Protein chains: 2
Amino acid sequence: MLEKTPETTVNDTAHPFDRATQVTAVGGRWRGTASEDYFAFVGPFGGATAATMLRAIMVQPECAGDPLSVTVNLCAPVARGTFDLTVRLIKATRSTQHWMVELLQDDGVAAFMTAVFAVRRPSWSHQPATMPEAPPFDEAKPLPDSGIAAWVRQYQFRFVEGAPGYGNTPHDVPASAYSRMWLSDTTPRRIDFLSLLSMSDTFFARIFHVRGTIVPIGTVSMTTVFHADAADLAADDTTMVLGAADANIFHKIFSDQTGELWSPSGRLLATTSQVVYFKA
Amino acid sequence: MLEKTPETTVNDTAHPFDRATQVTAVGGRWRGTASEDYFAFVGPFGGATAATMLRAIMVQPECAGDPLSVTVNLCAPVARGTFDLTVRLIKATRSTQHWMVELLQDDGVAAFMTAVFAVRRPSWSHQPATMPEAPPFDEAKPLPDSGIAAWVRQYQFRFVEGAPGYGNTPHDVPASAYSRMWLSDTTPRRIDFLSLLSMSDTFFARIFHVRGTIVPIGTVSMTTVFHADAADLAADDTTMVLGAADANIFHKIFSDQTGELWSPSGRLLATTSQVVYFKA
């Protein structure tokens, strides 16, 4: 679990991800910044934005349990500079909490999140899904720094299948939408809910893989489900995940994307799906 | 598209699904009823509740485009009787709308939905996913009326793989979580967004399949993504879908469930995922 000490300013020696996703209390709201370190094409990387919103929930004094399911809707590009976050506890039961966060810029909602938190208990346990095969992290080749966007440099991508090799013209025949990769923060950081949520959005758009070229895209809505609680993450104590992603369909300017994040121990940490706008 | 005439009372000859999911304007809110026809164990079937909430968006005069992605969070059991729905347009852009609906009973939020609507346009189109094999609808054997819950009688289930056969004691070895089935309303009704959303929740809990026995369960959060627009659904003009469902993990009282809904023509109409509480 994160320490719940929102008043403490994150100092300059903090991990870049913690600096990028920090929130500061300002008159009943939280203030965050669209980090230049995690910038994408026309706004900050959605994963970092989502993590900042999730952090704003986790620093609430009444927040209980661990994130279970999080949906973030990206309504409009987040502009450079600061944004405000309003946090509302919609409903609490004995063992679950339902939260909503709105990200405001210039008094308009640019993004919002709903999140279920739950206190998980021991139960019968069964994992039918099996971890995709992969060589150890160190044996997979790192993706060279492409320099395309700042946020990409914040992660080490080590592709096992479907490494990107984008050209200027689309493939004649669509290639596979599937890829998998080892992923870690460039400066290793222990995996927690914030980084898992951010990593849910690190899969390069499936249409880039399928078409073999980069086209304008934007995530519209992303849902991530966590399959581990804080104790499970502490037990895994890892800085890397194996990520696999795929897509089912590209149709009338939208596609889906599904993803899995695995710990090196073979535990499925999170599954994620998103709807992506594309221009092609 | 639904006709946007909320004032018109649904008459007694309307389809049971339209009766169950109707909404009536009451002082700036919408009122719905937890239909006895679609009741489950401790509350109304979540699919019908979700469809009622989606209808409350679609009847808004300013609603534009078709549903693209819908997340519904079920916070607390919905009780018998009526409930109120508040509808809010969080953000509209040129081609998308982000909506939120809260379901209120006794002044508490029992469920809420966020939904993205979009005006879809022609684009490059590609469907890497392939429809699972299945005999024609008429050749698949209907599930006998189990009488377990009222809502089950509102659908025809024709299993192709993983037909339920639940006993009183759990399996020694977990069985497959995967199943697929033809599905239609018992009284055939042309597939639209409302019925697709409801059908997203018709998959029997994966833990019933895996354990071979019925245990207490409850959907916590469900996200459905539509891959067809109203014109696509009109072109398909079908009353049935092929549904396939699976699960990745059961751990610490929660499991996931993933699902696909296919038209008989081979078009992927919707994908869905949900988080399910279980007691086992």
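By convention in this document, chain letters (A, B, ...) are assigned in the order of the sequence lines, proteins followed by strands, and residues within each chain are numbered from 1. As the structure is a prediction and not an experimental result, all values here were calculated from the model.
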Enquirer: My understanding is that only residues two or more places apart in sequence, or in another chain, count here; which of them pass ring pair (Phe, Tyr, Trp, His ring centres under 6.0 Å) with B:His98?
Expert: A:Phe112
Enquirer: Just to verify, what does B:Ser176 make a side-chain contact (heavy atoms from CB on, under 4.5 Å) with, not counting sequence neighbours?
Expert: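 side-chain contact (heavy atoms from CB on, under 4.5 Å) check on B:Ser176 returns B:Tyr178.
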Enquirer: Select, from A:Arg121, A:Gln127, A:Glu260, the one with the greatest count of heavy-atom pairs under 4.5 Å involving chain B.
Expert: A:Arg121
Enquirer: Which one, A:Thr93, A:Thr96, A:Thr71, leads in non-hydrogen pairs under 4.5 Å with chain B?
Expert: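 When all of A:Thr93, A:Thr96, A:Thr71 are compared, A:Thr71 has the most.
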Enquirer: For residues A:Phe250 and B:Pro128, determine if any side-chain heavy atom of one lies less than 4.5 Å from a side-chain heavy atom of the other.
Expert: yes
Enquirer: Looking at A:Lys252 and B:Ser123, what are the two nearest heavy atoms and their distance?
Expert: N-OG, 3.1 Å
Enquirer: Strictly less than 4.5 Å between heavy atoms, which residues of residues 270-280 of chain A line up against chain B? Please order them by number.
Expert: A:Thr271, A:Ser273, A:Val275, A:Tyr277, A:Phe278, A:Ala280
Enquirer: Which bit of A:Gln97 is near chain B, if near means a heavy-atom gap under 4.5 Å: side chain, backbone, both or neither?
Expert: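 For A:Gln97, there is no contact with chain B at all, as no heavy atom is under 4.5 Å.
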Enquirer: Can you tell which part of B:Arg267 gets under 4.5 Å to a heavy atom of chain A, answering side chain, backbone, both or neither?
Expert: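 When you check distances to chain A, only side chain atoms of B:Arg267 fall under 4.5 Å.
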Enquirer: Show, in sequence, the C-alpha distance, side-chain angles and deciding distance for B:Asn73 and A:Met100, and conclude whether the side-chain contact (heavy atoms from CB on, under 4.5 Å) test is met.
Expert: CA-CA 11 Å; B:Asn73 281 28; A:Met100 183 166 186; over 6 Å; no
Enquirer: Please classify the contact of A:Pro122 with chain B as side chain, backbone, both or neither, using a heavy-atom distance under 4.5 Å.
Expert: backbone
Enquirer: Using a 4.5 Å heavy-atom cutoff, which residues in residues 203-213 of chain A come close to chain B?
Expert: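 Expected list: A:Ile207, A:Val210, A:Arg211.
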Enquirer: State, to 0.1 Å, how close B:Arg120 and A:His251 come at their nearest heavy-atom pair, and which atoms those are.
Expert: NH2-O, 2.7 Å
Enquirer: Measure distances from B:Val119 to the heavy atoms of chain A and classify the residue's part below 4.5 Å as side chain, backbone, both or neither.
Expert: backbone
Enquirer: Give, for atom CG of A:Leu68 and atom OG of B:Ser221, the distance between the pair rounded to the nearest 0.5 Å.
Expert: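 So the CG of A:Leu68 and the OG of B:Ser221 are separated by 8.0 Å.
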Enquirer: Counting heavy atoms not belonging to A:Asp237, are there more than 12 under 6.0 Å from its CG?
Expert: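 Yes, CG of A:Asp237 has more than 12 neighbouring heavy atoms, counting only those of other groups under 6.0 Å.
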Enquirer: So for B:Val220, is it side chain, backbone, both, or neither that comes closer than 4.5 Å to the heavy atoms of chain A?
Expert: both
Enquirer: Find the one option among A:Asp246, A:Thr258, A:Thr130, A:Asp229 whose heavy-atom pairs under 4.5 Å with chain B are most numerous.
Expert: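 Counting heavy-atom pairs under 4.5 Å, the top option is A:Asp229.
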